[in-house]
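Reading through the structure tokens given below for one structure.
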Amino acid sequence: MQSKYLKRKNEEFRILYVFIILILFLMGSCKSIAPVIQKETLRVNTQESFANKALLQRIQTISQKGYAFGHQDATAYGIGWKNDGITYRSDVKDVSGDHPAVYGFEIGHIELAKEQNLDTVSFKLITKLVKKAHEDGGIITISWHPNNPTSNKSAWNTRKTVKHILSGGKHHKKYRLWLSRLAAFLKDLKTANGSAIPIIFRPYHEMNGGWFWWGKGHCSPEEYIRLWQETVFILNQDFGVQNVLYAYSPNTFASEKEYLQYYPGDNFVDILGVDIYQHWTTASFIKDLKSNTTLLKTIATRKNKPYALTEAGLNKVSKKDWWTRVLDQNIADSGIAWALFWRNARPSHFFGPYPGQISSNDFKEFKKLPHVLFLKDIKTIK
Ligand code: BMA
């Protein structure tokens, strides 16, 4: 017979044992719910190819002469027209006599193996227009608004997903499949004689805002950084995408600390960018332009990287002298390599001029400025 004392001790041990098992079980199940961010250092060289090096050098040279004018989807459609595969045009040329120097294209939904992007532009047409822009001497930059891999809804669906698509996460395999489709598209960008067209890829932009699934509040900075690094690594090393330079572009920011909070590291970023829209008054936009390009210049000079206004604009360009008085006056001396304006989608959503639009005369004046570079101006810059 056990003494009362031994009985109590046994009971205590049993409780402790059950408690320890419970803790171990919880630790195990937590691990499978939240994958641990891998710490392994990933190595990439995004500037290995001759074409990439040449593009980067060209961008540096452009920034010493002025800044290149860019427009998103310039040759895919404009206000009142769509590219029909026959006529090659842009709203910018219709107004000013020359095409933009920088061409933005969007490849959201390439990850789903769709025929058209999220704005109903066919990927075949995009490939064709990239080739044409390149042959004409233009520079190409590509943005990506991928669907949310966990919810399968749009890029604006903010269900938590980043940790699940990292290596070790439950949707990593699916993410790799998505990247394989993206890689196939990027690798197919070649000239008529088969040489790779170097492009600037700008994924996971505006991460310091909360509107995309990769944005602030929906993943930690560590998770974001790991997502970027794994993405570049998988594209560059696993899938052999060698014709891509990577641009990092937060939204309008308040400090250097904010800008660098999600920065994936110097080896994973080739160009520094910022997206600045005029959402409110002209005065507040000018303040943002000035402060952000000044900070960007400081950071980029230290890192010895080119920098650009990777997205900008005032919806409907509702101020008639906006190009010369608001925009140019405040970026002319900033040292940016280019400024890209968002798409001319429809009469309620456009950021470039078109014939008859109220800022179009001012745009013609803007075009004449010697430091604002259009397609013909950069053609000779090698
Ligand atoms: C946004 C808007 C959307 C579009 C998306 C990707 O800023 O223009 O209409 O789907 O960019 O191009």
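Order of listing sets the numbers, starting from 1, for every ligand and every atom in it. No hydrogens, no waters, no symmetry mates; every other heavy atom, side chains included, goes into these values.
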Are [X] and [Y] ion-paired here, with the side-chain N under 4.0 Å from a carboxylate O?
X      : Y      : answer
Arg89  : Asp94  : yes
Glu222 : Arg226 : no
Asp188 : Lys131 : no
Asp238 : Arg176 : yes

* Relative to ligand 1, is Arg343 under 4.0 angstrom through side chain, backbone, both or neither, heavy atoms considered? -> side chain
* Quick check, are the ring centers of Phe69 and Phe341 under 6.0 angstrom apart? -> yes
Provide, to 0.1 Å, the distance between [atom] and the closest protein heavy atom, together with that atom's residue and name.
atom                    : result
atom 8 (O) of ligand 1  : His349 NE2, 2.7 Å
atom 12 (O) of ligand 1 : Asp119 OD2, 2.7 Å
atom 5 (C) of ligand 1  : Trp156 CH2, 3.8 Å

* To do: Please confirm whether Trp342 comes within less than 3.5 Å of ligand 1 when only nitrogen or oxygen atoms on both sides are compared.
  => yes
* Contact atoms of ligand 1, heavy-atom distance to Glu106 under 4.0 Å -> 12 (O)
* Ligand-residue contact atoms, ligand 1 with His145, heavy atoms, under 4.0 Å -> 6 (C)
* **Whether His205 and Phe212 hold their rings parallel, tilted or perpendicular, with breakpoints at 30° and 60°** => tilted
